[in-house]
Amino acid sequence: MKSFFAAGGNLPWWMSGLSLFMSFFSAGTFVVWGSVAYQSGWVAIAIQWTMCISGLIIGFVIAPKWQKTGALTAAEYITDRLGYGTQKIYTYLFLMISVFTTGAFLYPVAKIVEVSTGVPIYASIICLGILILAYTAAGGLWAVIVTDVLQFVVLTAAVLIVVPLSLSKVGGVSGFVANAPENFFNFVNEEYSPYFLLAFGLYNLFFIAGNWAYVQRYTSVSTAKDAKKVGWLFGGLYAVSPVIWMLPPMIYRVLNPDLQGLADEGAYLLMCKEVLPVGMLGLMLGGMIFATSSSVNTTLNISAGVLTNDIFKHFRPQTSDQGLVYVGKIATVVLGVITIIVALLVPKLGGIVEVVMSLAALTGGAMFLPPIWALFSKKQTGQSVLAVTLVSLAVNAFFKFLAPSLIEVSLSRAAEMALGVTLPIVLLTITEILFQVKNTSSSQYENYLSLQNEKEREEQENADGNRKGARVIGVGVLSTGGLILILSALAETGALLVGGMGVVVLALGAIIIYKNQSVSQPQEAEKIYQ
């Protein structure tokens, strides 16, 4: 169980950090924010820099708190701290929202396949969905981690090649700047205002810190210090990567300013088709597909973990570990099928940008902030945090779906996002003040402390398991480097650039394999002794 859903609880921090980065990032980055970059320019980069700030704050403050709970899942923490009744309602809400989240992740990669190959989007959704749920059910969290880290290397190599080739297509940096639309390099615009950036930054803070799939990355490392590094690595990568990702669709606006409607969702891939050698385009496409699969498989794994560890196991506590893993695999498949159905419905819901923004505004603060607040508060109870969540969800849903027709009030995107993140903050602050004024002591918190003292976190030495996972990554990276070198020999343009990247990736794979060679028992004993 612990291996399938938490990689033994002793995951190396750099693997967990890269996996968090890749789980949050997806092909949706190229489709959703690529669409914003094509239409609005630098605004798309400014929006994503809020994720960098969120990651750094999480690393300093929140990630170590999660790690110290000793919980396998966020649901287990909610049970320990706020009671099983509270956890049960949160679990149902989380599972309902998670199928929409994974559907929103699956749709963009199918869109990319459609733009690149002409394969109908519905066929792509079904085929890719089946592939992702199959290997996630087979391998658990280690399957998620290995594919995440490998695809980080693959996709980074491909993206770094796209940027210089795209700039050369429009006459370099000077040609790009000279021909860009007016105000294309502004940090904000009318739709994505400073208030939107502030609200969206708070949403990202709550989402990355409290989403149950991402909490798994903080709890799967062995120490609080490692959990901090996970957040810092995420923040550092988001300081640099948005600039690299968003330049190609921005450049494509200069090259072809005529995309209409949902066609701008394919701007990034259309730029890649213009400049990449055919083989590298295939590698980029593969990287995007499995980068997105990391977002889907992360949520599938943690959702199956919640169903198994926090629902099934509660009713059948005598079930063996083998039986629980079997239940987890079945849960993964069922959730995967529901995800495919939701992804098929995305075009009917107004397109991926509308779905992502609406889901963020409706659920981000309401679902994820109250349990985070309880990490730091001694006063909050299951009833108080649950009330905040339910009231916030109800108010957000009212203004999103009913207010336009009932009272003729339609919120802008910035106002919708601001309401979604500020309402739970206000409600939690009010309840905290009331508890302080009444000087109420929470029996739930006292019980939680007692449980923490009794709970012996299983300390396992998983060095060999970590080396095996790292060697799999190393072989994958080494193979990718070799593939890029072969593609450089076939490339008609940019052969030197592609070949140089192939050498770098090849060397990286060799280093990873060398650093994670099997250690004999006498050598291991000597290392432990030293």
Side-chain angles (χ1 to χ4, degrees), residues 21-22 25-49 51 108-109 111-117 151-181 184-187 192 237-260 262-292 352-353 484 487 491-494 497-498 500-501:
F21 176 74
M22 292 302 291
F25 155 83
S26 72
T29 300
F30 298 113
V31 176
V32 177
W33 303 123
S35 172
V36 175
Y38 178 86
Q39 292 293 344
S40 305
W42 199 268
V43 168
I45 297 172
I47 292 171
Q48 291 179 82
W49 273 341
M51 302 164 193
V109 74
K111 181 74 175 183
I112 284 174
V113 173
E114 181 189 42
V115 170
S116 302
T117 66
Q151 292 312 317
F152 170 79
V153 175
V154 173
L155 207 55
T156 300
V159 167
L160 288 175
I161 293 170
V162 173
V163 174
L165 293 178
S166 299
L167 286 170
S168 67
K169 191 79 173 179
V170 293
V173 175
S174 58
F176 169 47
V177 174
N179 294 293
F184 205 54
F185 297 98
N186 289 356
F187 275 69
Y192 301 102
L237 289 170
Y238 257 104
V240 178
S241 54
V243 179
I244 300 170
W245 293 337
M246 294 299 103
L247 280 175
M250 290 171 65
I251 295 168
Y252 193 72
R253 175 68 182 272
V254 172
L255 198 64
N256 177 11
D258 300 324
L259 294 183
Q260 300 294 327
L262 298 182
D264 60 16
E265 292 180 346
Y268 190 97
L269 254 293
L270 291 170
M271 187 73 250
C272 291
K273 290 177 77 172
E274 287 283 343
V275 300
L276 281 180
V278 175
M280 281 305 299
L281 180 61
L283 187 65
M284 165 71 84
L285 183 60
M288 284 187 178
I289 289 172
F290 287 99
T292 298
I352 189 62
V353 175
I484 294 174
L487 294 176
E492 296 180 1
T493 58
L497 184 62
V498 175
M501 186 60 67

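- Closest approach of P257 and Y38 over heavy atoms only: C-OH, 3.1 Å.
- L276 approaches I161 most closely through the heavy-atom pair CD2-CG2, 3.9 Å.
- Between F187 and W49, the ring planes are tilted. Angles from 30° to 60° get that label.
- Judged purely by atom type and a 3.5 angstrom limit, T156 has no side-chain atom pairing as donor or acceptor with the backbone of V153.
- Checked against ring pair (Phe, Tyr, Trp, His ring centres under 6.0 Å), F176 has the following partners two or more places apart in sequence or in another chain: F185.
- Here the side chain of E274 pairs no donor or acceptor atom with the backbone of L270 at under 3.5 angstrom.
- For N256, the side-chain hydrogen bond (donor to acceptor under 3.5 Å, both in side chains) criterion is met by Y252, not counting sequence neighbours.
- Side chains of L160 and L497 form no contact here, defined as non-hydrogen atoms less than 4.5 Å apart.
- Ring centroids of W245 and Y238 are separated by less than 6.0 Å, placing the two rings close together.
- Once rounded to the nearest 0.5 Å, the distance linking OG of S40 with CE of M246 reads 12.0 Å.
- Here the shortest heavy-atom pairing between A37 and M250 reads O-CG, 3.6 Å.
- Side-chain contact between I251 and K169 is absent, with no heavy atoms from C-beta onward closer than 4.5 Å.
- A distance of 10.5 Å separates CG in L255 from CG in N179, rounded to the nearest 0.5 Å.
- Atom-to-atom distance recorded for M22:CE and L237:CG is 10.0 Å, nearest 0.5 angstrom.
- In this structure the side chain of P242 never reaches within 4.5 angstrom of the side chain of W33, judged on heavy atoms.
- Taking all atoms of both residues into account, the shortest heavy-atom contact from M280 to A158 is CE-CA, 4.1 Å.
- Across P249 and A267, no two heavy atoms sit closer than the pair CB-CB, 4.1 Å.
- W42 and N186 get closest at one heavy-atom pair: CB-O, 3.6 Å.
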